[in-house]
Engineer: 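Before anything else, here's the structure in question.
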Amino acid sequence: MALFERRPRDPRDSIAAFWTWWARARDQVGDGLEKDDLGKLHRDLTGRVRAIHPELAWELTSGRQAKHALVVSPEGSPALRPVTERWLRAGPGPDADWEYYASRQPDPAAYTGSVQLGGRPFHPGSARFGFEIDLDRARVHVSVWHPDFPRLDEAIRLQASFLLLDWALGEDDVERWLGEVKVTGDDQPYGVEELRAAVVELSTHYQHGEWVTVDGFDDRDRPVAVRVRVPFARLDYPLYDLHGRVRIPFEPGSADEAALDGIQTGLLGRLGDSAVLVAVVTVASVRTLHLYADGNGVVPDQVATWATQQPSNVTQEWRPDPGWEAVRGLY
């Protein structure tokens, strides 16, 4: 049996329209950036980006290799990161004048200047951080403090905290490596360089990805075994926006249970790189495989064909999940 939910339509027309406009406007944008006066191009660029999705943001910065960089950011929304990735992949690629990014990049220079927040100057370099490295979950839990926080309302404090983290690590690594983020009124012991070093230290433990097993009990007091892939792999598969649950029943203590790993390996071998397994949950007499795939592909059909060849009644359920929300609670 298979259950499917139709995924939202990709904004492909708006993305194509953006790049058509950009081919005409890029030189004007570059000139305006150098003169610090974009004029109506600011409004045009905003309109083109919001036509792709109204919650996206954009930035113009100095490039790493090129003269300038254009960033289209999901603004911390995991569900929008596939949209910005599709925007990036549809574009022309970097050249001497422009390079492009689908998320906010690390910006160490931001910590040497100031920005306007809450109608007043805000100096990122005054921020201080506390952190705890959680090797079991492949996360760094962070506390963020700034001397200006008391004068800012709660929403602006939260926005400022994530901007500070984005500038320190880049938007993608904030999601990949950070766990709990607390905004605090208490001064913290570390500067931005120590925070970066903590993330680098954690990343060295998980250079090639690992599996972590957690045993427990569900709300019916049944034993549960959860295996998750760490670190959180969504950013390694930014276009995999379709979540699948493949349920394989078995008789505990029987040959069926002993064969589960082989059945699982056979499915993954058939799917190859078209899907990624991120979690395995075994409870009572069912093993559930949590898979992600590109919603524009045919993975559900491949799984359906494979399921008909299995001795047990394998079921599958597929739903759009660009932010991988279905498995976040397992981490």
Side-chain angles (χ1 to χ4, degrees), residues 5 7-16 18-19 45-46 48-61 69-91 93-94 99-107 138-140 142 158-159 161-179 181 199 203 206 209 228-244 273-279 290-297 299 318-331:
E5 182 176 303
R7 66 188 301 274
R9 183 179 178 84
D10 287 328
R12 297 181 185 181
D13 290 345
S14 297
I15 290 174
F18 176 93
W19 288 118
L45 186 50
T46 298
R48 295 287 179 176
V49 170
R50 289 182 176 172
I52 299 171
H53 194 284
E55 296 178 19
L56 297 179
W58 60 268
E59 294 179 359
L60 298 172
T61 68
L70 170 60
V71 179
V72 172
S73 165
E75 284 288 79
S77 169
L80 293 179
R81 184 60 177 82
V83 177
T84 61
E85 187 69 23
R86 295 183 192 280
W87 166 84
L88 178 66
R89 297 190 184 197
E99 57 195 36
Y100 308 96
Y101 298 99
S103 62
R104 192 174 285 117
Q105 300 298 291
D107 186 5
R139 295 290 192 182
V140 178
V142 180
L158 187 62
Q159 178 191 15
S161 296
F162 277 96
L163 282 172
L164 289 166
L165 295 171
D166 288 347
W167 289 327
L169 305 172
E171 200 167 10
D172 283 352
D173 272 359
V174 166
E175 183 181 354
R176 188 191 308 274
W177 296 113
L178 297 194
V181 175
V199 172
S203 69
Y206 296 100
V228 293
R229 177 174 175 164
V230 293
F232 193 53
R234 189 187 69 83
L235 293 164
D236 298 322
Y237 303 90
L239 299 183
Y240 284 21
D241 53 4
L242 185 67
H243 172 241
D273 294 335
S274 61
V276 58
L277 178 69
V278 298
H290 290 267
L291 297 163
Y292 279 89
D294 188 333
N296 293 321
V299 168
W318 295 88
R319 298 183 186 278
D321 183 18
W324 290 29
E325 301 298 336
V327 297
R328 286 179 182 270
L330 301 176
Y331 282 79

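What you see is a predicted model, and the numbers here were worked out from it, not measured in a lab.
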Engineer: Quick check for you: to the nearest 0.5 Å, what is the distance between Phe232 atom CZ and Tyr206 atom OH?
Structural biologist: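 Separation between the atoms: 15.0 Å.
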
Engineer: Grab the two heavy atoms, one from Glu175 and one from Pro78, that are nearest each other, plus how far apart they are.
Structural biologist: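 Here Glu175 and Pro78 meet closest at OE2-CB, 3.9 Å.
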
Engineer: Ignoring hydrogens, what is the shortest heavy-atom contact between Val230 and Ala138? Give both atom names and the distance.
Structural biologist: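 Scanning both residues completely, I find the closest heavy atoms to be CB-CB, 3.9 Å.
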
Engineer: Checking Val199 against Leu169 for the side chain to side chain contact (heavy atoms under 4.5 Å, CB included) test, could you report, in this order, the C-alpha distance in whole Å, the side-chain angles of both residues, the deciding distance, and whether it holds?
Structural biologist: CA-CA 8 Å; Val199 172; Leu169 305 172; 3.9 Å; yes

Engineer: Would Ile52 and Val83 count as a side chain to side chain contact (heavy atoms under 4.5 Å, CB included) here? Give the steps.
Structural biologist: CA-CA 8 Å; Ile52 299 171; Val83 177; 3.6 Å; yes

Engineer: Tell me, do Val72 and Tyr101 make a side-chain contact under 4.5 Å, heavy atoms counted?
Structural biologist: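 A side-chain contact under 4.5 Å is absent here.
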
Engineer: Looking at Leu70 and Trp58, what are the two nearest heavy atoms and their distance?
Structural biologist: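 Taking Leu70 first and Trp58 second, the nearest heavy atoms are CD1-CB, 4.5 Å.
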
Engineer: Rounded to the nearest 0.5 Å, how far does CG of Leu242 lie from CG of Asp321?
Structural biologist: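 So the CG of Asp321 and the CG of Leu242 are separated by 8.5 Å.
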
Engineer: Please give me the minimum heavy-atom distance between Ala90 and Ile15, naming the atom from each residue.
Structural biologist: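 Ala90 and Ile15 have their closest heavy atoms at CB-CG2, 3.6 Å.
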
Engineer: Between Glu75 and Arg81, does any NZ, NE, NH1 or NH2 come within less than 4.0 Å of an OD or OE carboxylate oxygen?
Structural biologist: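 Salt bridge flag = no for Glu75 with Arg81.
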
Engineer: Strictly below 4.0 Å, N to O, side chains only: are Asp172 and Arg234 in salt-bridge contact?
Structural biologist: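 No salt bridge links Asp172 with Arg234.
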
Engineer: Centroid separation under 6.0 Å, is that true for the rings of Trp19 and Tyr100?
Structural biologist: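 Yes; Trp19 has its ring centre under 6.0 Å from that of Tyr100.
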
Engineer: Please walk me through it: do Tyr237 and Asp294 pass side chain to side chain donor-acceptor pair (under 3.5 Å)?
Structural biologist: CA-CA 9 Å; Tyr237 303 90; Asp294 188 333; over 6 Å; no

Engineer: Please report the shortest heavy-atom distance between Ala51 and Ser14, naming the atom on each side.
Structural biologist: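 Nearest pair, atom of Ala51 first, then Ser14: O-OG, 3.1 Å.
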
Engineer: Glu171 side chain to Gly76 main-chain N or O, any donor-acceptor pair under 3.5 Å?
Structural biologist: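 Checking the backbone N and O of Gly76 against the side chain of Glu171, a donor-acceptor pair under 3.5 Å is found.
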
Engineer: Determine whether a donor-acceptor pair (N or O, by modelled atom type, separation under 3.5 Å) exists between the side chain of Arg319 and the backbone of Ala326.
Structural biologist: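 Flag not set: sc Arg319 to bb Ala326 has no pair under 3.5 Å.
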
Engineer: Please test Asp241 against Arg86 for salt bridge (charged side-chain N to carboxylate O under 4.0 Å, His left out), starting from the C-alpha separation and ending with a verdict.
Structural biologist: CA-CA 12 Å; Asp241 53 4; Arg86 295 183 192 280; 3.3 Å; yes

Engineer: Report the distance from atom CG of Leu239 to atom CD of Glu85, rounding to the nearest 0.5 Å.
Structural biologist: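 So the gap between those two atoms works out to 5.5 Å.
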
Engineer: For Gln105 and Ser103, indicate whether the former's side chain and the latter's backbone hold a donor-acceptor pair under 3.5 Å.
Structural biologist: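 The answer is yes, because a donor-acceptor pair under 3.5 Å joins these two groups.
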
Engineer: Tell me, yes or no, whether the heavy-atom count around Arg328 atom CZ, taken from other residues, nucleotides or ligands under 6.0 Å, exceeds 12.
Structural biologist: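 Check passes, neighbour count above 12.
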
Engineer: Show, in sequence, the C-alpha distance, side-chain angles and deciding distance for Arg176 and Asp236, and conclude whether the side chain to side chain contact (heavy atoms under 4.5 Å, CB included) test is met.
Structural biologist: CA-CA 9 Å; Arg176 188 191 308 274; Asp236 298 322; 3.0 Å; yes

Engineer: For residues Tyr240 and Trp324, establish whether the separation of their ring centroids is below 6.0 Å.
Structural biologist: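 For Tyr240 and Trp324, the ring centres are not under 6.0 Å apart.
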
Engineer: Mind checking whether Pro322 and Pro82 have side chains closer than 4.5 Å, heavy atoms only?
Structural biologist: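 Of all side-chain heavy-atom pairs linking Pro82 with Pro322, at least one is under 4.5 Å.
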
Engineer: Roughly how far, to the nearest 0.5 Å, is the CZ atom of Arg48 from the CG atom of Leu45?
Structural biologist: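 Rounded to the nearest 0.5 Å, the CG-CZ separation comes out at 10.0 Å.
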
Engineer: Would you call Trp177 and Pro231 a side-chain contact if the rule is heavy atoms closer than 4.5 Å?
Structural biologist: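 Yes; the side chains approach each other to less than 4.5 Å.
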
Engineer: Roughly how far, to the nearest 0.5 Å, is CG of Asp107 from CG of Leu163?
Structural biologist: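 Between atom CG of Leu163 and atom CG of Asp107 there are 11.0 Å.
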
Engineer: Does any non-hydrogen side-chain atom of Leu165 lie less than 4.5 Å from one of Val181?
Structural biologist: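 Touching, per the 4.5 Å side-chain cut-off.
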
Engineer: Would you please test Leu80 and His53 for side chain to side chain contact (heavy atoms under 4.5 Å, CB included) and show each step?
Structural biologist: CA-CA 8 Å; Leu80 293 179; His53 194 284; 3.5 Å; yes

Engineer: Given side chain to side chain donor-acceptor pair (under 3.5 Å), test Ser73 with Glu59 step by step and report yes or no.
Structural biologist: CA-CA 8 Å; Ser73 165; Glu59 294 179 359; over 6 Å; no

Engineer: Which pair of non-hydrogen atoms, one from Ala279 and one from Leu330, has the smallest distance, and what is that distance?
Structural biologist: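 Taking Ala279 first and Leu330 second, the nearest heavy atoms are CB-CD1, 3.7 Å.
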
Engineer: Indicate yes or no: at least one non-hydrogen side-chain atom of Tyr292 is less than 4.5 angstrom from one of Leu277.
Structural biologist: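 They are not in contact (no side-chain heavy atoms under 4.5 Å apart), so the answer is no.
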
Engineer: Working to the nearest 0.5 angstrom, can you tell me the gap between Leu56 CG and Trp87 CH2?
Structural biologist: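 Going from CG on Leu56 over to CH2 on Trp87, the span is 9.5 Å.
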
